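All figures in this text were calculated on a predicted structure; none of them were measured in a lab.
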Amino acid sequence: MSKLAVNSEESTGTNSVCNEFRDRHVVVTGGTGALGAAVVGLLLKRGAWCHVPTPGVAGGHSGLEHSRLILVPGIDLRVENSVRQFYSDLPELWASIHLTGGFKPGSLLETSLADLEEMFMLNAATCFLCTKEAAAFMQRQDIGGRIVNVSAQAALVPSAQNVAYSASKAAVVSLTRSFAEGFKENGILVNAIAPSIMDTPANRHSMPDADYSRWPTTEEVAESILTLASPRNTLTSGAIIPVYGRT
């Protein structure tokens, strides 16, 4: 589990970016993972209130503490009623960032229907349910908002070795563009990033001989996400942004 390294003091910088999320409420699914910790950390530094749904019980994330970080336990993002309840309990919502997902390798002939269903539930279904509930909440608020999903390089450059994963992340691309089109009149901008493999401890462990300097860091990917979620983004919607580093 990633620990959240955040200075609890408010930013005193004069640059507007330092406070661009001040008092804005932001959902971050997958907020306890490697990328999630980087995203949440940046959001807190820039003044946001972060709401992070978790599947476990309360108190199970000892490394994550901040006065503007709200961990919500017992949320299964694959279950429609669970997701709906989580969003309905929010006080307000500016942005919803969806990092929850999973990876399972498998060649074309080795992949089973169960493998495909597992990847679609973890990647496509969670994206669909969270994007749907976030968009509905923002539509009721009638002040616009930002939604950022996470696809993958494998969705744009498919691999025969990761067919179920590639297909499920390609579904995220389609969902993102569909919601962007459906809510463009409401000022709700919906985009996605498509990262390559990222420089995380787990990925280093699984690929010890790789050249890590070519991988994007979680902090770099987090910056790309915040650019799309920022109030400074007033035009971009329906975009799928590659964040590959030098891979």
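With rounding to the nearest 0.5 angstrom, the CG atom of Asp115 is 11.5 Å from the CG atom of Asn162. The line from NZ of Lys45 to CZ of Phe21 is 14.5 Å long, rounded to the nearest 0.5 Å. Between the OG1 atom of Thr131 and the CD1 atom of Ile188 there is a distance of 11.0 Å, given to the nearest 0.5 Å. One distance of note links CD1 of Ile193 with OG of Ser151; it measures 9.0 Å at 0.5 Å rounding. Taking CG of Leu116 as the start and OG of Ser168 as the end, the distance is 8.0 Å to the nearest 0.5 Å. With rounding to the nearest 0.5 angstrom, the CG atom of Asp76 is 8.0 Å from the CE atom of Met121.
Put simply, the residue from Val39, Ile70, Leu44 that forms a side chain to side chain contact (heavy atoms under 4.5 Å, CB included) with Cys50 is Leu44.
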(message) Could you walk me through whether Ile197 and Gln153 satisfy the side chain to side chain contact (heavy atoms under 4.5 Å, CB included) test, starting with their C-alpha distance in whole Å, then the side-chain angles of each, then the deciding distance to 0.1 Å, before giving a yes or no?
(response) CA-CA 8 Å; Ile197 187 170; Gln153 183 180 25; over 6 Å; no

(request) Carefully, step by step, assess Leu69 and Val40 under the rule side chain to side chain contact (heavy atoms under 4.5 Å, CB included). (result) CA-CA 8 Å; Leu69 173 60; Val40 169; 4.0 Å; yes

(request) Check the pair Val27, Cys130 against side chain to side chain contact (heavy atoms under 4.5 Å, CB included), reporting the backbone distance first and the verdict last. (result) CA-CA 10 Å; Val27 165; Cys130 291; over 6 Å; no

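Within the 4.5 Å cutoff, no side-chain heavy atoms of Gln161 are placed close to those of Pro105. Considering only heavy atoms from C-beta on, Ile147 comes within 4.5 Å of His98 through its side chain. The shortest side-chain heavy-atom distance between Phe183 and Ser237 does not fall under the 4.5 Å cut-off. Within the 4.5 Å cutoff, the side chain of Ile75 has no heavy atoms near those of the Thr54 side chain. Thr236 has its side chain out of reach of Leu189: every pair of non-hydrogen atoms, C-beta onward, lies at least 4.5 Å apart. For the pair Met198 and Thr217, the minimum side-chain heavy-atom distance is 4.5 Å or more. You'll find the side chain of Leu77 stays beyond 4.5 Å of the side chain of Leu129, heavy atoms only. Considering only heavy atoms from C-beta on, Trp49 stays 4.5 Å or farther from Pro91 through its side chain.
Applying the side chain to side chain donor-acceptor pair (under 3.5 Å) rule to pairs touching residues 174-183 yields Asn149-Thr176, Glu181-Lys184, sequence neighbours excluded. Listed by first and then second residue, the ring pair (Phe, Tyr, Trp, His ring centres under 6.0 Å) pairs that reach into residues 207-237 are Tyr212-Trp215, sequence neighbours excluded. Sequence neighbours left out, the pairs with a member in residues 194-204 that pass side chain to side chain donor-acceptor pair (under 3.5 Å) are Ser196-Thr247, Asp199-Arg204, Thr200-Asn203. Sorted by first and then second residue, the ring pair (Phe, Tyr, Trp, His ring centres under 6.0 Å) pairs with a member in residues 137-173 read Phe103-Tyr165; sequence neighbours excluded. Applying the side chain to side chain donor-acceptor pair (under 3.5 Å) definition to pairs two or more places apart or across chains, none involves residues 134-144.
Counting all heavy atoms, side chain and backbone alike, Thr234 lies closest to Pro231 at CG2-O, 3.5 Å. Taking every heavy atom of both residues into account, Ala135 and Phe179 meet most closely at CB-CD2, 4.4 Å. Between Ala171 and Ala124 the shortest heavy-atom distance is CB-CB, 3.9 Å. Contact between Ser166 and Pro158 at its shortest, heavy atoms only, is OG-CA, 4.2 Å. Nearest heavy-atom pair across Leu122 and Thr126 is O-OG1, 2.6 Å. Residues Gly36 and Leu99 share a closest heavy-atom pair of CA-CD1, 3.4 Å.
Scanning for side chain to side chain donor-acceptor pair (under 3.5 Å) contacts around Glu118 gives Lys104, with sequence neighbours left out. The side-chain contact (heavy atoms from CB on, under 4.5 Å) check on Asp211 picks up Ser213, Arg214, with sequence neighbours excluded. For Thr100, the side chain to side chain donor-acceptor pair (under 3.5 Å) partners are Thr29, not counting sequence neighbours. A search for side-chain contact (heavy atoms from CB on, under 4.5 Å) contacts involving Glu223 returns Leu42, Arg46, not counting sequence neighbours. Listed by chain and residue number, His25 satisfy the ring pair (Phe, Tyr, Trp, His ring centres under 6.0 Å) test with His51 (two or more places apart in sequence, or in another chain). Considering only residues two or more places apart in sequence or on other chains, Asp89 meets the side chain to side chain donor-acceptor pair (under 3.5 Å) condition with Gln85. Listed by chain and number, the residues in a side-chain contact (heavy atoms from CB on, under 4.5 Å) with Thr227 amount to none (sequence neighbours excluded).
Put simply, the side chain of Lys169 gets close to the backbone of Val150: a donor and an acceptor are under 3.5 Å apart. With hydrogens and angles disregarded, no donor-acceptor distance shorter than 3.5 Å links the side chain of Asn186 to the backbone of Met138. Using modelled atom types, one side-chain atom of Thr111 and one backbone atom of Gly106 make a donor-acceptor pair closer than 3.5 Å.
Leu228 is connected to Ile225 through a chain of hydrophobic side-chain contacts under 4.5 Å among Ile, Leu, Val, Met, Phe, Trp and Tyr, so both are in one cluster. Under the 4.5 Å side-chain contact rule for hydrophobic residues, Val243 and Leu43 share a cluster. Note on Tyr87 and Leu175: same hydrophobic cluster, where clusters join Ile, Leu, Val, Met, Phe, Trp and Tyr whose side-chain heavy atoms are under 4.5 Å apart, directly or indirectly. Note on Phe128 and Val148: separate hydrophobic clusters, where clusters join Ile, Leu, Val, Met, Phe, Trp and Tyr whose side-chain heavy atoms are under 4.5 Å apart, directly or indirectly. Residue Val52 is grouped with residue Leu226 when hydrophobic side chains (ILVMFWY) are merged at heavy-atom distances under 4.5 angstrom, including chains of intermediate members.
Under a 4.0 Å N-O distance rule, the pair Glu92/Arg24 does not qualify as a salt bridge.
A donor and an acceptor atom, one from each side chain of Asn233 and Ser230, are nowhere located under 3.5 Å apart.
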